[in-house]
Structure formats: structure tokens, C-alpha cells
Amino acid sequence: MISDLWYKNTVVYCLSVETFMDANGDGVGDFEGLSRRLDYLAGLGVGAIWLMPFQPSPGKDDGYDITDYYNVDPRYGTLGDFVDFTHGCKQRGIRVLIDLVVNHTSNQHPWFQSARSDPNSPYRDWYVWSNTKPADADQGMVFPGVQDSTWTRDEKAGGYYFHRFYEFQPDLNTANPMVQEEILKIMGFWIQLGVSGFRMDAVPFVIAEKIPGVKEAKEHFDMLRTFREFLQWRKGDSMILGEANILPEENLNYFGDDGDRIQMMFNFQVNQTLFYALASGDTRPMIEALERTKPKPGTAQWGQFLRNHDELDLGRLDKNQRQAVFAAFGPDKNMQLYDRGIRRRLAPMLGGDQRRLELAYSLMFSLPGTPVIRYGDEIGMGDDLKLPDRNSCRTPMQWSDEPQGGFTKSDKPVLPVISEGPFGYEHINVAEQRRSPESLLNWMERLIRMRKEAPEIGWGDFTALDTKDPGVLALRYDWRNNAVLIIHNLHPEPVEIDLDVGCGEQGRLLIDIADSQSSEADENSRHRLLLEAHAYRWFRVGGLDYILRRTEI
Ligand code: GLC
């Protein structure tokens, strides 16, 4: 039954416990605060929450440097608070996904401390060592400009250890069967505490063979199958959403030809071309990316997104395209990061213009896949470029116009709340937007409802219709005798298009899902549609009686 594959037709909301809501007034967000906000999230309509890392950590990479996989960092609460939270989610029909960061640990993790202290330690082979500095140590860094090597000498260990990311994040030797066992144990633990799956961090690096000096590292795709099987045995509806910024030709290796590896991946290819489309008004590279990422097994799914907690990585665009996005959305050096990306939130990139924000979210929500939004997106939160690195877009949630945006009673929030200026909490906050029917928040709630009521997008096949205008995208989705058509005008001015929807007789009538305008085809079966500047239109093809034609359970 299709509802079992819940991830095919839901909306995921990503948040960091640390910056969401502080209940005990110590300036740091916590599980109790988050639990108190579950009615807010349920009201918004989100189907799943993705929690960023919350395990004990020195916090040198925003929690992606873990020292204990089986606990909650005491600053956020206890395991008891965590279970209270997952229970609260269950009561409201919300699923929980958590980050699974197993490519590396913190260098403070007891495993690493033991491994470096003693060559005979049982944990020695849990990490990747070399007696001498490998010749390619200055290659393959994920954070160029901040990180200058992938191998660092540890005096105590008397050798070099491998770290794909920062030097305080030693890579686990994931080819070691003991490490693989431990990864399963970690998954099993959290599954037992009520989560429905994992956002798996850095998947290509987890599965890559890590041997000093080897140029073309072999990839152990079978590991992904092992993870999936284990999860499904333990809990049938659990899944993995992988972070893998890979080329489309690689996709099937990750999903598995028969859909026997990970269920979901973020679509980085589409994400970058989407920003290019927003910057240039040219949707052709995005259509190409959609086509290239089309082949996938039936149970697999894309996670579509706009901005996440990292930089907007533009590394897969060509030079001119990348320059166009930089020029439009991140012209200052201080807005850019790692020579490849932009460290801003979406709202400031679009000048806080609600019409353009609606266009961007409507576009993302209507791409083949499941939309993933980030806390604060629903109110158009801004960024703080005074903060270093990627922290610019990780500031606390803005709930109200009370001090610290209602995030905490402390006057020392864990990261500064954005204050003053067009994106300050004095103007941009939940309480204020809740009161106004036309606010971005209330609009987003309607968008989420609209998306959930169009399962064709999550399940169906798409066709990009010929609009004869690269600035106008028309996607039709077909699924089980039903079709929806979603049109976006990226131009800053109105345009008229003349469209053959296809679908035979059914395609003669288009009913607008969001407002009362419908369209009937002329004698040549073509629809003439006038689209306002930055317009987005969601149509049901062939009338509203689709409910009667729906056959799924
Ligand atoms: C992923 C995360 C990023 C983190 C890195 C190391 O890329 O998205 O935030 O720094 O992994 O764990």
C-alpha cells in the first residue's frame, strides 16, 4: 500500500535542537522546548522532522563531531526527554529522522583516544592510519581554505590519521566489519527510541575505501544494502535519506538497480540548477538536471531542497553559471565560502521579496520528490554574515518580538538572534505572521497542504511541457489516471503562454487548486494562459473529480 512508503509524499522540516526553543532559560535550545513546539509544527503540516546532531559533542562542527553515539548532549536534555519528544511526534503523526554521522567521530571520542594511545588497542583499526604522510595529503579536502590537509600527524599514535573533513574529525575505517557492526548498533538503538530513519551524513565518504595513497578509491555500495536490510528487519517503515553530492550517472549505485539500497537522496544536481534558474530566468539547465536524475527505482525518492544548514554548494555548475548565481545572490566575498558556495539564507538572497520567495518554494515543492525545508524558512528568516563560516545561517528561531525573539529567557543565546534591520526578530517572527492571513507562514501552511494533496508529484512521472519560453516551466505529473500541472513564470514581468497539456480529453480542462480560475482549451486543444510576474499556478488536469478516480489506499 502506498501509504507505507510515507517518505514519498510528505514534507520534511529540518531543525537543530540547539537553536529551536530553549525551555529552561540557559540560552541553549533543548528537547523540552522542542516538544512544546510540536503543535506548531503539526499545525504547519510537516510530516517528518529531521533533527541535526544532538549527541554529546565538543561542538566544533555544530555537532557533526560526536563523542558518544548513544546519548543526548546534556545541554539539550536527557534520553528521557528525547523519548518524550518522539512520543509527542507519534501522537501527532509526525515522523522523526535523525542525522547519522558515522563517516568520522570527534577526536575526543573514547574510541579515538584509545586508538591513538595504544597500537594494540581494540579500536586501533577503527580509524585509518599511515606511518608516513601520504603524497596526496593535500588533496580531497571538503573545506578548502579552512582545512589544508586530509592527513594529520598524531604524536601519541606515532603516525598520520585520515580525516576527510576537519582535523578534529578522524575518519572511521568503515570497511572494518567491527565498525560496520557498530553502525548497525547505533541505528538499532535510535530506531528503538522511536525514530523512523536517518539522514545519513557524507554517504560517498562512508562507503569509500580509505587506504593511504590509493587514487581511485573503491566504493562499497553493498554497505548501503546492509544498512537498509538491517533497518527493514528491525522496523519495516524506516528509511535512509542520504547526503551524497554525486553525478547523476552514480545515482543508481546508491539507490540500487532494484531499489535495494538507500531510499532517498538529496538532489544536489537539481538544487544548483534551480538557483541558476532563479538567478538567470533560464530553466533549461534545471530541466536537463531533472531529466538526468529521472531514472530511479519505484520505491526511491528525491529530497528536494532550497537552502540547508551548509553553504549553497555551486560546484556542479559551469563557471559562467556559477558566476551568474554569485552575481545575483552572493556578490560580496563575505557571502561566499570554500570557493564554491554561498553562506546566506534564501530570504535575504531574494531581497526579502515575498512574491519571489513564494515562487521559489512553490517551484521546489513541485519538483519530483519530497520537499525538505529548514526551520525559519516558513517565516523568511535571514542570516548573520558577522558570524563565521556556515554559522551565518544557523541563528535561533524567531518566535515573537519579545527579547531574543522569544527563543530564550536568557540574555546570552547560544548564537546571536538576528536583531534589527529587515530580518530582525522585531519584524520577522512567528507570532506576528500567525496573525496575518497573507504572511509567508500562513502561505507556507497552504502550500504544504496543497503538496500533500497532490501525491502525483511524489509518486508520478513528470513531463516538462514545451512552453517555448526558457523562463516558464510547466511540469505535468501523471499517476494512476490523474494528472497535475504546475507552471512557474520566472520572469519579473507577465507573460502569455500557449500550451498543449497533452492527456487527450482530460487535458481540456484545468482547475486551479489554489484559486478559482480555471482554463478550458481552445478548438486546437491549446490553453492560453496569462501569467503574472513570478506567477505560480497549480492545476488539476481534467477537473476536481480526481478523488473519485483515485485508486490508492
Ligand atoms: C556534512 C554536513 C556538514 C558537516 C559535514 C561533516 O556535509 O552537512 O554540516 O560539517 O558533513 O560531518
Side-chain angles (χ1 to χ4, degrees), residues 12-19 50-69 73 97-109 111-112 127-128 140-150 152 161-172 174 179 183 186 198-208 210 240-246 254 262 264-269 271-272 303 305-316 337-345 372-375 383 387-395 415:
V12 181
Y13 186 99
C14 162
L15 68 90
S16 154
V17 180
E18 183 175 80
T19 49
W50 152 28
L51 289 186
M52 298 181 60
F54 53 81
Q55 291 85 352
S57 160
K60 290 174 85 176
D61 183 16
D62 207 28
Y64 283 90
D65 47 333
I66 291 175
T67 50
D68 179 359
Y69 287 93
D73 192 301
L97 302 174
I98 66 170
D99 242 289
L100 181 69
V101 189
V102 290
N103 176 66
H104 45 263
T105 66
S106 159
N107 60 355
Q108 301 306 311
H109 196 294
W111 301 337
F112 187 70
Y127 294 88
V128 187
M141 284 86 68
V142 172
F143 302 126
V146 184
Q147 180 194 0
D148 52 19
S149 172
T150 49
T152 294
Y161 64 91
F162 178 63
H163 54 92
R164 176 63 72 179
F165 295 87
Y166 296 113
E167 71 172 72
F168 54 81
Q169 290 166 320
D171 268 45
L172 281 166
T174 42
V179 172
I183 295 175
I186 294 166
F198 301 90
R199 177 267 188 193
M200 192 167 185
D201 192 52
V203 183
F205 303 130
V206 172
I207 62 171
K210 307 171 188 190
I240 294 177
L241 162 57
E243 183 212 22
N245 186 349
I246 49 173
Y254 286 75
I262 58 180
M264 269 182 87
M265 283 198 286
F266 291 106
N267 198 328
F268 283 95
Q269 199 75 24
N271 174 261
Q272 307 190 15
F305 65 105
L306 280 161
R307 288 289 291 111
N308 61 18
H309 61 289
D310 290 325
E311 80 285 5
L312 163 63
D313 186 341
L314 302 169
R316 301 234 177 259
L337 200 59
Y338 312 136
D339 294 330
R340 62 166 182 243
I342 299 181
R343 61 186 199 109
R344 304 179 76 191
R345 276 234 191 203
V372 182
I373 55 172
R374 193 152 176 266
Y375 78 95
D383 47 49
L387 298 177
D389 228 295
R390 291 162 289 158
N391 277 358
S392 48
C393 52
R394 296 172 174 179
T395 60
L415 278 176

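Every number for a ligand or one of its atoms is a count from 1 in the order of the listing. When reading the values below, keep in mind they use all heavy atoms of this one structure, side chains included, and skip hydrogens, waters and symmetry mates.
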Next item on the list: Below 4.0 angstrom from a heavy atom of Arg390, which ligand 1 atoms are there? Numbered from 1 as shown, please.
Entry: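 Numbered from 1, ligand 1 contributes 3 (C), 4 (C), 9 (O), 10 (O).
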
Checklist line | Atoms in ligand 1 flagged as close to His104, the criterion being non-hydrogen separation under 4.0 Å | finding: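 Numbered from 1, ligand 1 contributes 6 (C), 12 (O).
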
Under a 4.0 Å N-O cut-off, is there an ion pair linking [X] with [Y]?
X      : Y      : value
Asp65  : Lys60  : no
Asp171 : Arg164 : no
Arg390 : Asp61  : yes

Check: Touching ligand 1 at all, Arg394? Heavy atoms, strictly under 4.0 Å?
Finding: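 Yes, Arg394 has a heavy atom closer than 4.0 Å to ligand 1.
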
Margin query: Yes or no: does Arg199 have any heavy atom under 4.0 Å from an atom of ligand 1?
Written below: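 Contact present.
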
Can you see whether [X] engages [Y] through a side-chain donor-acceptor pair at a distance of less than 3.5 angstrom?
X      : Y      : value
Tyr338 : Asp389 : yes
Lys210 : Asn103 : yes
Asp99  : Tyr64  : yes

Give the residue, atom name and distance (to 0.1 Å) of the protein heavy atom nearest [atom].
atom                   : result
atom 4 (C) of ligand 1 : Asp61 OD2, 3.5 Å
atom 7 (O) of ligand 1 : Glu243 OE2, 2.9 Å
atom 1 (C) of ligand 1 : Asp201 OD1, 2.7 Å
atom 9 (O) of ligand 1 : Asp310 OD1, 2.7 Å
atom 5 (C) of ligand 1 : Phe165 CE2, 3.6 Å

Note to self: For Phe143, which part has a heavy atom under 4.0 Å from ligand 1: side chain, backbone, both, or neither?
What the structure shows: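 It is the side chain that gets close, since no backbone atom is under 4.0 Å.
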
Note to self: Less than 6.0 angstrom from the centroid, inside 45 degrees of the normal: does Arg345 satisfy that with respect to the ring of Tyr375?
What the structure shows: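 That pair qualifies as a cation-pi contact.
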
